[in-house]
Number of protein chains: 2
Amino acid sequence: MRLVIAKCSVDYAGRLSAHLPLATRLLMVKSDGSLLVHSDGGSYKPLNWMSPPCTLSLIDPDDDQADAGVTEIWKVTQAKTADMLIVSIHEILHDSAHELGIDPGLQKDGVEAHLQVLLAEQIDLLGDGHTLVRREYMTAIGPVDILARDSKGAAVAVELKRRGDIDGVEQLTRYLELMNRDPHLAPVTGVFAAQEIKPQARTLAEDRGIRCLVLDYDAMRGLDDSASRLF
Amino acid sequence: MRLVIAKCSVDYAGRLSAHLPLATRLLMVKSDGSLLVHSDGGSYKPLNWMSPPCTLSLIDPDDDQADAGVTEIWKVTQAKTADMLIVSIHEILHDSAHELGIDPGLQKDGVEAHLQVLLAEQIDLLGDGHTLVRREYMTAIGPVDILARDSKGAAVAVELKRRGDIDGVEQLTRYLELMNRDPHLAPVTGVFAAQEIKPQARTLAEDRGIRCLVLDYDAMRGLDDSASRLF
DNA sequence: GACTAAATTTCGGTA
DNA sequence: TACCGAAGTTTAGTC
């Protein structure tokens with residue numbers, strides 16, 4: 001990534017035409033050649049940009065442009081759409097390059113993780129008399145989302161998903177198979193809990209004796225609001 | 001604007017919960033306190049961000065965090081929504097601050113300007129036998145978008161708008177009044193051209209003998225495609 | 001891979 | 001100032 005602070009004007013020609021008058025801005029050149037032109041305010045949207053895949057090439061300013069104070073011109077083009085971004089640079093105030101590497105990317109564990117916390121707090125949603133053993137109960141093949149005990153003290157393993165699909169049922173099945181070999185736990189029953197459970201997944205789960213539980217995230221969140229306000 | 005390249009992990013708690021694992025990223029702190037976390041790829045949307053108005057405060061890492069390698073923690077909060085962004089910094093690789101000043105902002109002269117170019121090229125959209133005199137024909141009270149002549153050689157003044165509103169009709173009326181005083185031009189007829197003409201504007205225009213012309217931007221653009229490919 | 005729907009959307013314009 | 005709709009939308013999930 002290259003970061004340039006420069007006094008520049010910018011012209012875009014593509015799906016629309018747009019112009020940025022001469023001012024000092026941040027030019028962010030990403031490693032895929034894409035360019036973002038940011039001002040020192042506003043929200044996350046750049047003033048102007050070119051999406052990847054695109055190529056950046058330098059152009060020498062002609063005499064008129066040189067007379068107007070342009071020292072270099074960046075031409076960013078996108079092969080696919082024939083869009084074009086022209087950055088006319090008058091002065092570079094900062095210029096640095098950095099190796100960032102590929103990014104592992106955003107984990108929107110948001111809903112599932114939050115659901116896990118909420119269901120742990122509202123464990124009786126599993127049924128009257130249920131008690132929480134713990135969240136992320138570790139097994140040899142990975143953590144079970146929630147381990148609880150029913151009113152009779154029998155172990156209940158809960159697999160939580162935002163969208164309940166067949167994959168989740170298979171996952172829970174593997175956990176149950178393993179846990180039921182453990183004499184301290186067996187017999188373990190399974191609960192497949194999700195905001196939304198696909199018909200195929202429900203059929204498979206119930207065929208295997210796994211109970212399905214549809215969770216109302218908003219309602220659970222609403223009950224938790226008092227706790228949230230403590231932050 | 002402050003630019004920081006740092007090895008960091010990021011957590012967001014607000015309308016959803018999200019997590020960014022430890023990696024090297026760009027942290028852009030704008031003068032309004034807002035923060036953008038960018039990776040070296042993807043499009044213009046940051047991996048994570050906090051919209052203004054918000055405040056950034058530094059927190060000392062506790063012992064556990066310090067043991068994990070966290071050297072400093074940024075806490076960015078938004079007053080209104082109670083959203084919170086936590087940046088746990090492990091290592092700062094670059095840190096610089098820059099004065100950018102306020103930005104004049106984007107001029108999307110795009111559609112209207114482009115329409116003007118296209119209509120000038122396709123001047124016969126005004127009617128058979130029309131010829132272009134020039135775009136931006138200057139008068140004492142400002143430039144008329146397009147001046148043309150019809151098949152009989154009579155002057156035609158065109159006011160172009162993306163959305164044809166009453167204002168535009170009034171504007172054209174003023175131009176026509178002025179131009180019709182010029183013996184070299186008179187008699188000048190008016191054409192109010194827009195992608196969309198509001199009923200009120202159409203009524204007013206036709207009442208004043210101004211012809212209304214609805215332009216099909218996409219079709220005009222399509223005809224222009226061959227020319228665009230020359231770039 | 002194309003298509004559809006949501007987004008921590010943002011950004012205009014209009015009532 | 002609040003609501004509504006488009007965006008050079010982007011992004012994630014489904015078919």
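Within every chain, numbering begins at 1; the chains are lettered A, B, ... in the order of the sequence lines, protein sequences first and strands thereafter. Just so we're clear, the structure is a prediction, and the values are computed from it rather than from any experiment.
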Ignoring hydrogens and angles, state whether a donor on the side chain of B:Ser43 or A:Ser51 is under 3.5 Å from an acceptor on the partner side chain.
no

Pairing donors with acceptors under 3.5 angstrom, does anything connect the side chains of A:His94 and A:Ser96?
yes

CD1 of A:Ile102: more than 12 outside heavy atoms within 6.0 angstrom?
no

For B:Glu170 and B:Thr173, does a side-chain donor sit closer than 3.5 Å to a side-chain acceptor?
no

In whole angstroms, how far is the C1' atom of C:dT9 from the CG atom of B:Leu47?
16 Å

Qualifying residues under side-chain hydrogen bond (donor to acceptor under 3.5 Å, both in side chains), relative to B:Arg134, sequence neighbours excluded
none

Restricting to nitrogen or oxygen on both sides, can you table the protein-nucleotides 1-6 of chain C pairs closer than 3.5 Å?
none

For the side chain to side chain contact (heavy atoms under 4.5 Å, CB included) test, which of A:Val4, A:Val87, A:Val10 pairs with A:Leu35?
A:Val87

A:Met50 near the nucleic acid: base, sugar-phosphate alone, or nothing, with a heavy-atom cut-off under 4.0 Å?
base

With a 4.5 Å limit on heavy-atom distance, are the side chains of A:Cys8 and A:Arg25 in contact?
yes

Grab the N/O contacts between the protein and nucleotides 10-13 of chain D below 3.5 Å, and write none if there aren't any.
| residue | atom | partner | partner atom | Å |
| --- | --- | --- | --- | --- |
| D:dT10 | OP1 | A:Ser51 | OG | 3.1 |
| D:dT10 | O3' | B:Ser43 | OG | 3.0 |
| D:dT11 | OP1 | B:Ser43 | OG | 3.0 |
| D:dT11 | OP2 | B:Ser43 | OG | 2.6 |

Pair B:His19, A:Lys108: side-chain N/O donor-acceptor within cut-off below 3.5 Å:
no

